[in-house]
Number of protein chains: 2
Amino acid sequence: MNLAELIAAASERLTPVERRIAAVVLEDPTWLAFGTVSDLATEVDTSRPSIVRFARKLGFEGFADMREHAQRGVTAKLSRPSQRIRHQEGSLGRAGAELTESIRHLFDGLDGPQLAALGDPLARAQQVWILSGETSLAAAHAMFSGLTMVRPNVHLISEHSSGRDLGGAAPGDAAIVFDFPRYRRHALTAATALGELGVELVAITDGPLSPYAALTQNWFALDVPAMGPFDSSVPRVAMAEVLVAYVATQLKDEAQVRIDRTEALWTATDTFLAEEN
Amino acid sequence: MNLAELIAAASERLTPVERRIAAVVLEDPTWLAFGTVSDLATEVDTSRPSIVRFARKLGFEGFADMREHAQRGVTAKLSRPSQRIRHQEGSLGRAGAELTESIRHLFDGLDGPQLAALGDPLARAQQVWILSGETSLAAAHAMFSGLTMVRPNVHLISEHSSGRDLGGAAPGDAAIVFDFPRYRRHALTAATALGELGVELVAITDGPLSPYAALTQNWFALDVPAMGPFDSSVPRVAMAEVLVAYVATQLKDEAQVRIDRTEALWTATDTFLAEEN
DNA sequence: AGGAGAATGTAACTGATTGGACATTTCTCT
DNA sequence: AGAGAAATGTCCAATCAGTTACATTCTCCT
């Protein structure tokens, strides 16, 4: 039973001042969720006891009770999707729901400016270095093969080659790291080293408490749903693909040329079966 | 500047207790918008002053100041649904919808017996061979690293090594191939060769017209949504993870032993940063 | 081992908030 | 016009919240 219904039920018995109060809280429920009795009294230009009497007339114990009710309503609005997940049962179905939810989260949270902040460095950099934690290898590979299709000078850093490879890094380059708890020591040191070399860092990680969030402003947080005994890398791969798609649109012509060239190479080496259209 | 960014900015300077506080308020911002200092202290299981110090460290005057900030954020979120809808019309939103739809498809279409048909060969095989097309490399890598964690004798076949590697294949083995139009010649020939050696083949491909559907009964069809100029590999990675999770449950004890061993190795080689409970 | 400094908790204080008792005003009906 | 009832406002007490000062504990380094 929401507030509007409660007010409607009591509406006949409301006094003039109480009607003014009702009008204000219906117009902006925020007054109820966040305000104090004094705030509301000032807003409605009445006395504090009138506010309390209003709450009682609606069936609450007092103002505090009414506020709790309003806050529950707001909380429900705010956290509906994530709670929905928790209520679903069945392991396969739940894993699927979590997965889709995390991807929905990704696309909801990524607005234009933010995507630009993450993607632009990768588009304009001289060279791009890709780092990843143990559980993010799939995303790093997706990033690497996608980015290689649309721009030159992309390097995937493996643990064994990093010392040698990173030597070529310089200001004007960009690095993108995929790393999540438990953060991989090697990825973090490499990222720090690149940062000190003047390389612009983009981080896909788990949240503001990540060590990478301290290294750069260009970070983005992903959910990490569970898939059986492991963390799912699906959202990370999705993120990698989104970034590749963005870079491709930014480098429109250059990317097209590269894609065509790769295609030609594949045709020449007879990589694919003949198409059947 | 939202709360996550503020926390990120201060994250290095946060003490252990303050990190716990940060984790709670990030998980559920409602604590900040509606809760009192005491509420939060109880939830985090710490003292009230620690909450206040946390607020100050983030740059607020005190807890009250931080709460006001959080409330403004919540108010903004409450009034944004109209924007969110508009946002979904853009190309980014559509890609996201396609992606979630394809994953929903995957989980809807995969019932228990079918999952068993695909997963059982991978669980009971002597050796597992992983093949993939050009655009399915991410899935193949996910499959490889996941399966390696839960069972022995897993081989990822790259183009250059296939002749040498496949020599070891024998009846009692299983192979899983990820390949989609345009099918990769190499992957198909390798799959055919393995089939002739008596290896059980599992195929993740695009549908009944796929050449792999002719090679084996154990095939499954995935949607392939577009992501910018490329095909998305997200559903394939999701599929790979589902299969790994299934194999893990089938090999319960053996898988656990392997996982533990890998963990121990990682700890011994100091691969990860210390955890911060 | 011991000491310095950071981290955290305890306890007390100040101010704000709620809810209720009581007074005043306003309305209505005779 | 006046009396009674309803509506509203004033004031106060009790509680609770936020903050600060200080004590204790923990950690790290010598």
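First the proteins, then the strands, lettered A, B, ... as listed; each starts at 1.
Counting to the nearest Å, the P atom of dA17(D) and the CZ atom of F63(B) are 11 Å from each other. Remark: P of dG18(D) and CZ of F60(B) are 15 Å apart, rounded to the nearest angstrom. Here the C1' atom of nucleotide dC16(D) and the CD atom of E68(A) are 14 Å apart, to the nearest Å. For the pair R56(B) CZ and dA21(D) C1', the computed distance is 13 Å after rounding to whole Å. Rounded to a whole Å, the CZ atom of R67(A) is 13 Å from the C1' atom of dG19(C). Separating the CG atom of D39(A) from the P atom of dT17(C) is a distance of 7 Å, rounded to the nearest angstrom. For the pair R19(A) CZ and dT8(D) P, the computed distance is 11 Å after rounding to whole Å. The interatomic distance linking M66(A) (CE) with dT18(C) (P) rounds to 10 Å, in whole Å.
With sequence neighbours left out, the ring-ring contact (aromatic ring centres under 6.0 Å, His included) criterion links F60(A) to H69(A).
Here dT17(C) is the nucleotide among dG20(C), dG18(D), dT17(C) with the atom lying nearest to any side-chain atom of T36(A).
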Distance-only check: which donor-acceptor pairs under 3.5 Å involve side-chain atoms of residues 223-240 of chain A, not counting sequence neighbours?
unit_1  : atom_1 : unit_2  : atom_2 : d
D223(A) : OD2    : H105(A) : ND1    : 3.2
S232(A) : OG     : V234(A) : N      : 3.0
S232(A) : OG     : E241(B) : OE1    : 2.5
S233(A) : OG     : E241(B) : OE2    : 2.7
R236(A) : NH1    : T135(A) : O      : 3.0
R236(A) : NH1    : T135(A) : OG1    : 3.0
R236(A) : NH1    : S136(A) : OG     : 2.8

Name the atoms and distances for all side-chain donor-acceptor pairs under 3.5 Å in residues 195-216 of chain A, with sequence neighbours left out.
unit_1  : atom_1 : unit_2  : atom_2 : d
E200(A) : OE1    : R124(A) : NH2    : 3.2
E200(A) : OE2    : R124(A) : NH2    : 3.1
T205(A) : OG1    : D179(A) : O      : 2.8
T205(A) : OG1    : S210(A) : OG     : 2.8
D206(A) : OD1    : Y183(A) : OH     : 2.7
D206(A) : OD2    : Y183(A) : OH     : 3.2
S210(A) : OG     : Y212(A) : N      : 3.1
Y212(A) : OH     : D179(A) : OD2    : 2.7
Y212(A) : OH     : L188(A) : N      : 3.1
T216(A) : OG1    : L201(A) : O      : 2.7
T216(A) : OG1    : N218(A) : N      : 2.9

For residues 6-16 of chain B, dump all side-chain donor-acceptor pairs below 3.5 Å to protein atoms at least two apart in sequence or in another chain.
unit_1 : atom_1 : unit_2 : atom_2 : d
T15(B) : OG1    : E18(B) : N      : 3.4
T15(B) : OG1    : E18(B) : OE1    : 3.3

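Under the 3.5 Å distance criterion, with hydrogens and angles disregarded, a donor-acceptor pair is assigned to the side chains of D173(A) and Q127(A).
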Each nucleotide in nucleotides 3-11 of chain C should get exactly one letter: B, S or -. Can you fill that in based on protein heavy atoms under 4.0 Å? ----SBBBB
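Using a 4.0 Å heavy-atom criterion, one finds that V37(A) contacts the sugar-phosphate atoms exclusively.
For residues 31-46 of chain B, no residue pair satisfies the salt bridge (charged side-chain N to carboxylate O under 4.0 Å, His left out) rule, not counting sequence neighbours.
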